[in-house]
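In what follows, a structure is listed as structure tokens, so that the remarks can point back to it.
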Amino acid sequence: MNDPFADFLPNMMHFSNLQGARFVLLIGIIMFFGAFGGRLFQKLKIPQVVGYIVIGILIGSSGFQIMRPETITALNPVNTIALTLIGFLIGAELKIEVIKKYGKQFMGILIGESITPFFIVGGLITAVSYIFTRDFKISIAYGLLLGAICSATAPAATTDVLKEYRTRGPLTTTILGIVAMDDAVALILYAVASTLVSPLLGGHTVSFAVQMLSIAKDIFGSIILGSIFGFLISFVIKNLMNDEGRVLSFALGGLFLATGSCELLHLDNILAAMSIGFFLANFSPAKTRSVFSFVEKFTPPIYVLFFVLVGAKLNIWVVKPVLAILAITYVIGRTTGKTIGARLGARITKAPATVRKYLPWCLLSQAGVAIGLSIAASNDFADSIGPQIILIITATTFIVQLLGPVCVRHGVIKAGEVGLDITEEDILKQTKIADVTWGTEKICSCESNAIIKDTDTLEKVLLNFEKHHNQSFSVASSSDGKLIGIIRLEHLKEILMLGDFAEGLLASDVMDIPKTTCTAQETLPEVYKKFNDFDIETMPIIDEDNKPLGVAEKFCTDHYIHTRIFELKSKLASMDKD
């Protein structure tokens, strides 16, 4: 009986040789400089994933070769883990109601953006190859194989940009649906292409039926395996897990166990992970769905490692001039095909205008599946064009992995979907008390109406309450302008019950000493904590000199948050209609 770990153990033994100080140093270099590169490119208004890849290029095969090829190979498990997490989170976005709403649109666009580049790339590559080789069979083989491979879109770089820019809307939903499914189309197209190419190159012919059965096993076997693990994860978390740390540990354990099972059974780990995410998002109790937010907190360092290693693998110096011309032709043909196919599919299915205009910008990245299919081609046609296919895909991956994320950013910005994927908690964290408004009026301003002087008469104080929406006012000293008190409407009502005696009172006579204050730069969670800790509804806002800038009122802050959420929902609803 064959040992299922026979192929795995040598890699692990090699990996163990990297243990110790040198391995820790290498991981430190990848994490530190990768994160630094991502932040630097963010400052340049370029998606952070490009920074990760560029750092990988600099330290890898195309750069200073700080990471040797054997080291990069030993770190392959990082790629598997990252793609598993990406597949899991994409699956979480494919909710049944979304599929019902966009299902026809997804399928129309999917067919267009997959099949069109197959024909365009196939035709262009065949023509260019024939110019150089004068061999029609070789040229047809290049065209068929590269046409099939070009259909795949890399989900990793694309989804990283969507998360970085917190996008939400019809375009984002369509992108996630397409990148989740077009890899399956690429596998089918490759099966067709390789079946046709084998007799052309005189290789061993595998029947189309056998190829399709193998693909069906990969697709449906992965989905079934993922669904089984999704059920198990949901059941255990529902009945046995309460602590956040244990939930995260068990969910990740289940994901990686499914991934390992896919490796042993030769199934697709990304598709299995997507199935787990889909199952938990649609069929598990609400309690288990918090696992997605837990997993998202775990992913950033894995993504840094993954994309740095993607860059480190790319070696552009081995590409010869003829192959470079074919690679450029491939990129041009693929970009043209994706653009025409996506727009045609979107128009036929009557997709929103933003999807028709900007989806092509978001489908350019290629990596995992394309590279995997090129490796399959190198194995299937090792004695002819297989090695050249790998070099072409490596060169084109180098190009589109750098340009793809930038194009995705452009597309989602133009579509107006940046910053819409936020919750009430996000609004709280991102908002300072100085940003809060009541209508168009800032509640924090040096000329705020929520400030009165200690020498103002009670009549003037009442006039302020009548003219403005405030339920309280900060009281400033007439001598130095510093905060000395606060007047609240409920307290003022008690004073007015004194009758005629109250007429001669000044603001200083009716004010209270504030229990606490806040600054203009404090975030809403900090302000809400003070509201709760001191059991108050209002507090003065002060500057560094203890001079009042306005007043923070809980009901006003609540109104601002609810208004922001309503605006976001209205914007998303209008985008769906368009």
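Nearest approach of A346 to V355, heavy atoms of both residues: CB-CG1, 4.3 Å. Closest non-hydrogen pair, G404 versus L364, comes out as CA-CB, 4.4 Å. Heavy atoms only, all atoms of each residue included: V121 and R334 are closest at CG2-N, 3.3 Å. Across all non-hydrogen atoms, the minimal contact from Y303 to I86 is OH-CG1, 3.4 Å. Counting all heavy atoms, side chain and backbone alike, C262 lies closest to D268 at SG-O, 3.9 Å. For the pair N282 and I96, the tightest heavy-atom approach, listed with the atom from each and the gap, is OD1-N, 2.7 Å.
In this pair, F36 and F32 present their aromatic rings parallel. The plane angle is below 30°, not in the 30 to 60° band.
Once rounded to the nearest 0.5 Å, the distance linking CD1 of I270 with OG1 of T259 reads 9.5 Å. To the nearest 0.5 Å, atoms SG (C150) and CD1 (I392) are separated by 12.5 Å. Put simply, CD on E263 and CG on L265 are 10.0 Å apart, with the number rounded to the nearest 0.5 Å. Taking CG of L58 as the start and CD1 of I53 as the end, the distance is 12.0 Å to the nearest 0.5 Å. Expressed to the nearest 0.5 Å, how far OG1 of T349 lies from NZ of K104 amounts to 11.0 Å. Taking OH of Y190 as the reference point, atom OG of S151 lies at 13.5 Å (rounded to 0.5 Å).
The side-chain heavy atoms of L305 and Y52, taken from C-beta on, include no pair separated by under 4.5 Å. V54 places a side-chain heavy atom less than 4.5 Å from the side chain of F41. With contacts defined as side-chain heavy-atom distances shorter than 4.5 Å, the pair V331/L403 does not qualify. In this structure the side chain of S139 reaches within 4.5 angstrom of the side chain of T133, judged on heavy atoms. F106 places none of its side-chain heavy atoms less than 4.5 Å from the side chain of L176. Residues S129 and L326 form a side-chain contact, since some pair of their non-hydrogen atoms from C-beta on lies under 4.5 Å apart. With a 4.5 Å cut-off on side-chain heavy atoms, T396 and L146 do not count as touching. Here the side chains of I393 and Q366 are in contact, with some heavy-atom distance below 4.5 Å.
For NZ of K95, the number of neighbouring non-hydrogen atoms (other residues, nucleotides, ligands) closer than 6.0 Å is greater than 12. With a 6.0 Å radius and a threshold of 12 heavy atoms from other residues, nucleotides or ligands, K217 has its NZ atom above the threshold.
Partners of R347 according to the side-chain hydrogen bond (donor to acceptor under 3.5 Å, both in side chains) rule, which considers only residues two or more places apart in sequence or in another chain, do not exist here. For K163, the side-chain contact (heavy atoms from CB on, under 4.5 Å) partners are L89, E296, not counting sequence neighbours. Listed by chain and residue number, F88 satisfy the ring-ring contact (aromatic ring centres under 6.0 Å, His included) test with F292 (two or more places apart in sequence, or in another chain).
The list of salt bridge (Lys or Arg N to Asp or Glu O under 4.0 Å) pairs with a residue in residues 145-154, not counting sequence neighbours, is empty. Counting only residues at least two apart or on different chains, the ring pair (Phe, Tyr, Trp, His ring centres under 6.0 Å) pairs with a member in residues 329-364 are W361-H410.
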**Study point:** Worked verdict on F307 versus Q48 for side chain to side chain contact (heavy atoms under 4.5 Å, CB included)
**Key:** CA-CA 10 Å; F307 287 112; Q48 62 187 7; over 6 Å; no

Practice item. Starting from the C-alpha separation in whole Å, work towards a yes-or-no answer on side chain to side chain contact (heavy atoms under 4.5 Å, CB included) for L85 and L252. Key: CA-CA 9 Å; L85 295 174; L252 290 175; 3.8 Å; yes

Practice item. Give the C-alpha distance, both sets of side-chain angles, the deciding distance and a yes or no for side chain to side chain contact (heavy atoms under 4.5 Å, CB included) between F132 and V128. Key: CA-CA 7 Å; F132 288 99; V128 173; 3.9 Å; yes

Review point. Run the side chain to side chain contact (heavy atoms under 4.5 Å, CB included) check on V197 and F381 step by step: do they pass?
Key: CA-CA 9 Å; V197 167; F381 309 102; 3.6 Å; yes

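Between the side chain of R409 and the backbone N or O of K45, at least one donor-acceptor pair lies under 3.5 Å. In terms of modelled atom types and a separation under 3.5 Å, the side chain of R343 and the main chain of K357 share a donor-acceptor contact.
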Going by atom type alone, with no hydrogens or angles, which donor-acceptor pairs under 3.5 Å involve a side-chain atom of residues 109-117 and a protein atom two or more places apart or on another chain?
from: E113; atom 1: OE1; to: K338; atom 2: NZ; distance (Å): 2.6
from: S114; atom 1: OG; to: L110; atom 2: O; distance (Å): 2.9
from: T116; atom 1: OG1; to: G112; atom 2: O; distance (Å): 2.7

